[in-house]
Protein chains: 4
Amino acid sequence: MAGKIESNKKQKKDALLNSAFEIFTNEGFSKSSISDIVKLAGVAKGTFYLYFTDKYDIRNKLVARKAGIVFKRALEAYESAPFTGGLADAIIFIVDNILDQFNENKALLNFISKNLSWGIFKGAITGANADSEVDFDEFFEYLQKITCIERKQLEIILFLVVEFVSSTCYSSILYSEPVPIEELKPYIFSTIKFIVENNTSESTELIGS
Amino acid sequence: MAGKIESNKKQKKDALLNSAFEIFTNEGFSKSSISDIVKLAGVAKGTFYLYFTDKYDIRNKLVARKAGIVFKRALEAYESAPFTGGLADAIIFIVDNILDQFNENKALLNFISKNLSWGIFKGAITGANADSEVDFDEFFEYLQKITCIERKQLEIILFLVVEFVSSTCYSSILYSEPVPIEELKPYIFSTIKFIVENNTSESTELIGS
Amino acid sequence: MAGKIESNKKQKKDALLNSAFEIFTNEGFSKSSISDIVKLAGVAKGTFYLYFTDKYDIRNKLVARKAGIVFKRALEAYESAPFTGGLADAIIFIVDNILDQFNENKALLNFISKNLSWGIFKGAITGANADSEVDFDEFFEYLQKITCIERKQLEIILFLVVEFVSSTCYSSILYSEPVPIEELKPYIFSTIKFIVENNTSESTELIGS
Amino acid sequence: MAGKIESNKKQKKDALLNSAFEIFTNEGFSKSSISDIVKLAGVAKGTFYLYFTDKYDIRNKLVARKAGIVFKRALEAYESAPFTGGLADAIIFIVDNILDQFNENKALLNFISKNLSWGIFKGAITGANADSEVDFDEFFEYLQKITCIERKQLEIILFLVVEFVSSTCYSSILYSEPVPIEELKPYIFSTIKFIVENNTSESTELIGS
DNA sequence: TATGAATGAGATTTCATTCAT
DNA sequence: AATGAATGAAATCTCATTCAT
């Protein structure tokens, strides 16, 4: 019984999140209204305020959730691939997978890249956010363990990579500007390789890979 | 005196642009209203609509104008400096100057980086936009001439650099995340150097420098 | 009590309709504002938009409703009168009653005749409009049954009468132009008599009257 | 020289009248603005106020002018036709011609019938209005002379005919409701014949026709 | 929990009119 | 006579938020 109520609650919340994503990507955030979202979700206006404090709240939870899903998929692909190579190659593998996902789902790219900042990314990392699909903290510790790179250095590297990739892929995938993504990939990958290898000791290797 | 009317018009338009910048940076774009802007500018509400179609219009014109000013200053500093070095060093010089400007004026950074995309950047390049302070087209041709790099290649390089710098400096300067800008600069500069040199023939040098 | 909410809604809508009529007839349609209407109705501005899409919407609903009331009253008078005579006399009786109503309430005449067209009249006939006080469809079928005139013929006759009466009574009642209504009535009635009798078989009589 | 200035003035005024007609018929009176009119006319806003006091003023002058043109044409056709018959037939001839003109130019019908009232019609009759193309006064005296009907009687007859025709032809020509104009004409004409003949002595004939 | 009618501040936008040139 | 930039009151319409049910 309680479970049914629980799942019913989850259902409404999910309906709101899905509707919000639909509206945000179609109309743009500033032109989206809570009225639109609840109408599409098929719930009453008041219900919105039971789960979210305002438009910004639902957006942030949505970004973390969507980014998490993308990231989780890429990680799963990486883990199930017969993989050998250093940290740089591992990151490139993951980035490549993410770029492909975005290429398939441009609305998603548009939404995430317009709203994902390093701040939200780090916020998601804390693991406090229940809406995120991944525990970034775990992933971080995992990376530290297998690369033997100190936390701060690792954070800088990831920061540079994340910012570089997200900002360049945006206009390339969505508008083929200045060139289509397939043409841009070599530049992106070689730069990632440089960023990673130039900032880690030469001997760094993925332990256990 | 037809000139008097013209100068009066320019004055009104400038007052609106300046006020809009003030309001946008203090209140944030979505919380800024046209009412606020005209009040601060000291003009009537209807006057706003003589010069701009809506809030988005004035924002875009403002971004191009402000970005142009920053860029122009950096270029002037570069040109008046006793400079020797390759293209990479030239770009690094300019980027360094821009980062310093942003560090001094964080509101400006916040405003520009939230709204400047490669699209707007390229839009500004066409020179069609009368609100821009620089003719990027000229600059582009100038670069081509002195570097002997073909247009497309040059565009990709600039794209990578612009996106990389603008996305990384944002959280570093404004929030010191993941590290303060001075600590991040070495990473940024080495990456720029890599991007430029890895994508140009080794012999590329700034002619006449 | 769901009924309480329903009756509350009806109350608000009625308040808006009544206020709109008041404002429209006093100020004229184009000088009436939604602000004025809601102020008089004692509801919030937003409430207006819960029930009507704009000024035109409330006007059309108002015309149908008011015209329906006038018509209904005339019909009731006709039905409760000890009446003998043909179709022409029946219509004249009804028209006479309507003219008297308008003569008593010139604001109503002004409002209706400026906005009532055969289109709206026919629209009201469909019965789709819930704001109309009469089911014109029923009335139409009723007329057909008792007069044995085919639908199309009946429609033309009514059209001619309605247009003739509404257009002539307007300036006569409101401005006594070219002559006061009492002086004009003989002309109107004899013309109605001609229109009806000239376009129906001589034997047409109201069955059951 | 003075003539040139005079004609220049007339040119501007005409441009304004023509543009106003264009805008009124396309956008509807209430949605037409003086801005739109002057833009289409290619004159400055201030110029409008040199010739007209406001939107209503230009509309009324326009109605009188347009109605006058239509009427004048019908009269000319009547005068140049080899005509025999009574007053009723003469009026029917003129009405028929007007209906044909309206059928050819529905925007004109829409504009005139929405704005022509007996008041404006009579106002036009005074001949004071320089924008009217006809001197209705003359026409009226002419009619009196040849029909020997007293002024008041004549006015009532014309009033009934004008209102009857204008209100019925509107929805018939524009919307074919309740039937197309060609199908409605017999009803209109027979009613006109009735109105005229029933209200004049039997011997009334057009003298000199 | 869930609803959705009601709110009303406030945002955007229009436009007749003026007046210095 | 002609212009058109400027005005600013006033209109329309939106929408986050509340609260009685």
Side-chain angles (χ1 to χ4, degrees), chain A residues 5-6 8-9 11-13 30-39 42-57, chain B residues 1-6 8-13 30-39 42-56, chain C residues 1-6 8-13 30-39 42-56, chain D residues 5-6 8-9 11-13 30-39 42-57:
Chain A
I5 289 175
E6 244 359 80
N8 212 302
K9 274 178 62 179
Q11 236 175 301
K12 298 227 185 258
K13 193 173 180 180
S30 73
K31 281 180 188 162
S32 301
S33 72
I34 290 172
S35 279
D36 295 337
I37 294 169
V38 297
K39 205 179 293 165
V43 304
K45 265 216 193 107
T47 307
F48 180 92
Y49 293 92
L50 296 176
Y51 297 107
F52 308 99
T53 61
D54 57 20
K55 222 169 61 163
Y56 301 91
D57 183 36
Chain B
M1 275 290 117
K4 192 173 171 189
I5 287 178
E6 273 324 294
N8 212 298
K9 279 172 67 174
K10 175 117 182 65
Q11 225 174 300
K12 299 259 178 206
K13 194 175 180 180
S30 71
K31 281 181 190 162
S32 302
S33 75
I34 290 168
S35 284
D36 295 338
I37 295 170
V38 297
K39 205 178 294 167
V43 303
K45 224 176 266 183
T47 306
F48 179 91
Y49 292 93
L50 291 178
Y51 297 105
F52 309 99
T53 61
D54 55 21
K55 228 169 60 167
Y56 300 91
Chain C
M1 274 291 117
K4 194 173 171 189
I5 287 177
E6 271 326 294
N8 212 297
K9 280 172 66 174
K10 176 117 181 63
Q11 228 175 300
K12 300 259 178 206
K13 194 174 181 180
S30 72
K31 280 182 189 160
S32 301
S33 76
I34 290 169
S35 285
D36 296 338
I37 294 170
V38 296
K39 205 179 292 166
V43 302
K45 223 177 268 181
T47 306
F48 179 92
Y49 293 93
L50 290 178
Y51 297 106
F52 308 100
T53 60
D54 56 20
K55 227 169 61 167
Y56 301 91
Chain D
I5 288 175
E6 242 1 80
N8 211 302
K9 274 177 62 178
Q11 235 175 302
K12 298 228 186 257
K13 193 174 181 181
S30 73
K31 282 180 188 161
S32 301
S33 72
I34 290 172
S35 279
D36 296 336
I37 295 169
V38 296
K39 205 179 294 163
V43 303
K45 263 212 195 114
T47 307
F48 179 92
Y49 293 92
L50 295 175
Y51 298 107
F52 308 99
T53 61
D54 56 20
K55 221 169 61 163
Y56 301 91
D57 183 36

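Atoms considered below: every heavy atom in the structure, side chains included; atoms not considered: hydrogens, waters and symmetry mates. In what follows, chains carry the letters A, B, and so on, assigned in the order in which the sequence lines appear, proteins first and then strands, with residues in each chain numbered from 1.
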When you measure from the side chain of [X], which nucleotide among [options] comes out closest?
| X | options | value |
| --- | --- | --- |
| A:A44 | E:dT12, E:dG4, E:dT21 | E:dG4 |
| A:L50 | E:dA2, F:dC13, F:dA16 | E:dA2 |
| A:Y49 | E:dT14, E:dT7, F:dT18 | F:dT18 |
| C:D54 | F:dC13, E:dA11, E:dG8 | F:dC13 |

Nearest-nucleotide 5' precedence on DNA chain E, C:G46 against D:S30: C:G46
Closest-nucleotide ordering on DNA chain F, the 5'-leading residue of D:T47 and B:K12: D:T47
Closest-nucleotide 5' rank along DNA chain F - winner of A:I34 and C:S32: C:S32
Who pairs with E:dT21 - Watson-Crick or G-U, where each distance is under 3.5 Å: F:dA2
Any strand: nucleotide that pairs with E:dG10 via Watson-Crick or wobble, under 3.5 Å: F:dC13
Given atom [atom1] of [X] and atom [atom2] of [N], what is their separation to the nearest angstrom?
| X | N | atom1 | atom2 | value |
| --- | --- | --- | --- | --- |
| D:F52 | E:dT18 | CZ | P | 17 Å |
| C:E6 | E:dA6 | CD | P | 9 Å |
| C:Y56 | F:dT12 | OH | C1' | 11 Å |
| D:K13 | F:dA1 | NZ | C1' | 15 Å |
| A:I37 | F:dT14 | CD1 | P | 17 Å |
| C:K55 | F:dA10 | NZ | P | 15 Å |
| C:K10 | E:dA6 | NZ | P | 13 Å |
| C:F48 | F:dT14 | CZ | P | 12 Å |

Heavy-atom pair with the smallest gap, counting every atom of D:Y51 and D:D57: O-OD2, 4.3 Å
Separation between NZ of D:K13 and CG of D:L50, rounded to the nearest 0.5 Å: 11.5 Å
Test log, rule side chain to side chain donor-acceptor pair (under 3.5 Å), inputs A:S35 and A:K45: CA-CA 7 Å; A:S35 279; A:K45 265 216 193 107; 3.1 Å; yes
Under 4.0 angstrom between B:Y51 side-chain N/O and F:dA5 OP1 or OP2: no
Side-chain N,O (C:N8) to OP1/OP2 (E:dA6) below 4.0 Å: yes
Cation-aromatic face contact B:K12/B:F52, 6.0 Å, 45 degrees: no
Quiz item: cation-pi between C:K55 and C:Y49, 6.0 Å / 45°: no
Sugar-phosphate only, base, or nothing, as touched by C:V43 at under 4.0 Å among non-hydrogen atoms: sugar-phosphate
Sugar-phosphate, base or nothing in reach of B:S35, heavy atoms under 4.0 Å: base
Check: C:K45 side chain, E:dG10 base, donor-acceptor under 3.5 Å: yes
